[in-house]
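A short worksheet on the structure shown next.
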Amino acid sequence: MSLRPTRLRVQDETGRTRTLSAGPEAFEAFGTGTQPVFLGLGPDPASLARLVPAGETAGYVECPQFAAAMPPAWKAAIPANLSPLAVAELTAERIARSRFFLYRQNPRLYPSFWGPILARLRLSLSPAAPAHTGTRPNAVFLARPATGLLEPELARAFASLGYGVRDIPADRSLTAVPDALALDTPVLFLSINGAGLDPDGLVFSLLAATGVPVAVWCVDNPFHVLSRFRAPFWKKTILGVTDDWFIAPLRELGAASAHHLPLAASHHFFEAKPASGLEDTALFVGRSTFPGREHFFAGCRLPEELLTAARDGCAQGKRADFGWWLEKLGLAPAWPDKALRLAGYGAEMTGVAWRTACLGALARTMALTIHGDPGWREIVPGASLAGPVDYYGGLAGCYAGAAVTVNLTSPLLPRGLTQRHFDVWAAGGVLATDATPGLDLFPKALTRPMTFTGPGDIGRRARELARDTALRAELRAGWREELLARHLYTHRLSRLLDLALYAQRS
């Protein structure tokens, strides 16, 4: 008896309605044994009888929430030669002799139930058993995307703290993590902006199964980072945010361990040698827009009156940041809810107006060189445009050689800081920055002389910093002392490792 379930729907773990797939393609087979075990029966259990050899029996594990959502005929349609299995019955011996049939939608429907089960199976079926004690007592796993900017500096900082770093390729972490766990049980798995963590939390479950704390360091807007996750596993991670504005809303949404973890100075900037040709020039480095912006904000439409108000505010030195847009749009921090991207789009558009207004005013006051993409030609036509500069190459020398480097903080981070707040001073350069509230991290004696409020005074501040020799020397010395004492990546990672140790003991 078939239930003809082509239109059956259930609510997933997050409350979203999902249409269930049926048929042979709805299942994925894996395992090295021959005895069938079904990981979820799907909406049409009667159709599974053909997968069990005649005269044999098969076991199955089902999520109680899924079973409760099925119509009464569903239970009656379970073939007589299928018997339920308790999760505890999936011993290493049983796993070795089984051929598993996974209902493909399960990890997305109920990840908190299926994630730990699938993690146990993946680890048991790995070529080598996980090294539960680890061959190195101080190993860390670092997810590494192909173009990650911060990860090389973090690897160096971990090494300087005495930790061996094992790179986990972010694009194939589902296979790389079990292989790595066969060699080490690390004290921490670190992901920048969610790199290496799949939307359904299977990688997290693999690590949790061996007691490895997972840290997600959101160097961008956390709600943008978390919006790609379909499972609530992120609430169980150590969640670091570079902007402390986000801590309260994240904790209200269930984040068990959310902490302020600012950016820091990268080590190689302290070795900078000034580049020539920038001695009389204000410098700005950055993209005119972030890669993939149109795709990320596809479908976002903002009220024209709010856009006008935000742009007008920029001219007056007021940034309509992410929190402003949440309030004006009547949105509250939520997950899972991509509607928050609308507030992010508003903040991004404010950022465009902010950069246009401030850099345009600066270009009318003194020579301005922008290292970035061709998009700047239309945004700041009065500037001299140079090509992109490598973060680990010539950037440090540019900072060291410029008369003054300008920072404009993205409104996506209401209390944010950028790498420039640290790296320019580390390179021996001089920074002029907008007055982001995130500057409270530093002594006012260091921040007050370098801040401007907007296009009305950016030129005055930049010229003063470029020309006042005594002030430049005083600020350089003060900032170098401050950074070396409290704001290196070794400081941040020491804090993160302490949090990981606490998580392991809890």
Side-chain angles (χ1 to χ4, degrees), residues 2-3 5 8-14 18-53 56-71 74-127 130 173-175 177-178 181 198-210 230-233:
S2 174
L3 296 179
L8 272 181
R9 297 182 177 184
V10 298
Q11 280 195 334
D12 69 12
E13 187 174 321
T14 64
R18 302 288 189 186
T19 300
L20 299 179
S21 301
E25 66 279 0
F27 287 82
E28 172 191 351
F30 65 93
T32 56
T34 58
Q35 185 173 352
V37 174
F38 294 95
L39 302 174
L41 300 176
D44 189 12
S47 66
L48 304 182
R50 59 182 172 73
L51 296 175
V52 183
E56 294 188 17
T57 60
Y60 72 88
V61 178
E62 187 55 272
C63 174
Q65 192 173 348
F66 182 92
M70 291 295 98
W74 178 84
K75 186 174 183 180
I78 298 175
N81 60 344
L82 266 64
S83 58
L85 282 174
V87 174
E89 294 180 77
L90 292 175
T91 61
E93 181 183 358
R94 182 66 182 262
I95 292 170
R97 68 172 190 262
S98 296
R99 179 70 170 168
F100 294 97
F101 296 88
L102 169 67
Y103 183 59
R104 292 180 185 273
Q105 287 181 264
N106 279 339
R108 186 166 301 176
L109 292 170
Y110 309 109
S112 295
F113 178 83
W114 289 109
I117 295 173
L118 294 175
R120 182 191 302 183
L121 299 182
R122 284 182 181 271
L123 292 172
S124 294
L125 294 170
S126 291
S173 55
L174 268 174
T175 55
V177 166
L181 287 171
D198 61 287
D200 300 316
L202 295 181
V203 169
F204 172 83
S205 294
L206 286 168
L207 294 157
T210 50
R230 295 185 290 252
F233 70 90

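Everything numeric in this text was worked out from a predicted model, so none of it was measured.
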Task: Evaluation steps, side chain to side chain contact (heavy atoms under 4.5 Å, CB included), between Val203 and Leu174 - done: CA-CA 6 Å; Val203 169; Leu174 268 174; 3.8 Å; yes

Task: Steps toward side chain to side chain contact (heavy atoms under 4.5 Å, CB included) verdict (Leu20, Asp44) - done: CA-CA 10 Å; Leu20 299 179; Asp44 189 12; over 6 Å; no

TODO: Quick one: do Leu48 and Phe101 satisfy side chain to side chain contact (heavy atoms under 4.5 Å, CB included)? Show the steps, please.
DONE: CA-CA 10 Å; Leu48 304 182; Phe101 296 88; over 6 Å; no

Task: Worked verdict on Trp74 versus Leu8 for side chain to side chain contact (heavy atoms under 4.5 Å, CB included) - done: CA-CA 11 Å; Trp74 178 84; Leu8 272 181; 5.8 Å; no

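One distance of note links OH of Tyr103 with CG of Leu109; it measures 6.5 Å at 0.5 Å rounding. We find the CG-CZ distance between Asp198 and Phe204 to be 11.0 Å, quoted to the nearest 0.5 Å. Put simply, CG on Leu51 and CD on Glu56 are 12.5 Å apart, with the number rounded to the nearest 0.5 Å. Here the CG atom belonging to Asn106 is positioned 4.5 Å from the CH2 atom belonging to Trp114, to the nearest 0.5 angstrom. Rounded to the nearest 0.5 Å, atoms CZ (Arg99) and OG1 (Thr32) are 9.0 Å apart. Here the straight-line distance linking atom CZ of Arg97 with atom CD of Gln35 works out to 5.0 Å at 0.5 Å rounding.
In plain terms, the two heavy atoms of Gln65 and Gln11 that are nearest each other are NE2-O, 4.1 Å. Contact detail for Ala22 and Glu25: the closest heavy-atom pair is O-OE2, 3.1 Å. Here the closest non-hydrogen pair linking Ala69 and Val10 is CB-CG1, 3.7 Å. Considering all non-hydrogen atoms of both residues, Arg9 and Thr19 come closest at NE-OG1, 3.2 Å. Considering all non-hydrogen atoms of both residues, Pro36 and Pro53 come closest at CG-CD, 4.2 Å. Heavy atoms only, all atoms of each residue included: Phe100 and Leu90 are closest at CE2-CD2, 4.2 Å.
Looking at heavy atoms from C-beta onward, Pro84 lies in side-chain contact with Tyr60 at the 4.5 angstrom threshold. Between Glu13 and Pro232 there is a side-chain heavy-atom pair separated by less than 4.5 Å. Counting heavy atoms from C-beta outward, Arg122 and Ser205 have side chains that stay 4.5 Å or more apart. Under the 4.5 Å side-chain criterion, counting only non-hydrogen atoms from C-beta, Pro45 is not in contact with Leu82. Counting heavy atoms from C-beta on, the side chains of Leu41 and Met70 never come closer than 4.5 Å. For the pair Val61 and Phe113, the minimum side-chain heavy-atom distance is below 4.5 Å. Put simply, the side chain of Leu102 reaches to within 4.5 Å of the side chain of Leu118, judged on heavy atoms.
In this pair, Phe38 and Phe27 present their aromatic rings perpendicular. The plane angle is above 60°, beyond the 30 to 60° band.
No more than 12 heavy-atom neighbours from other residues, nucleotides or ligands sit within 6.0 angstrom of CD on Glu93.
Under the rule for a salt bridge (Lys or Arg N to Asp or Glu O under 4.0 Å), the partners of Asp12 that lie at least two apart in sequence or sit in another chain are Arg16, Arg18.
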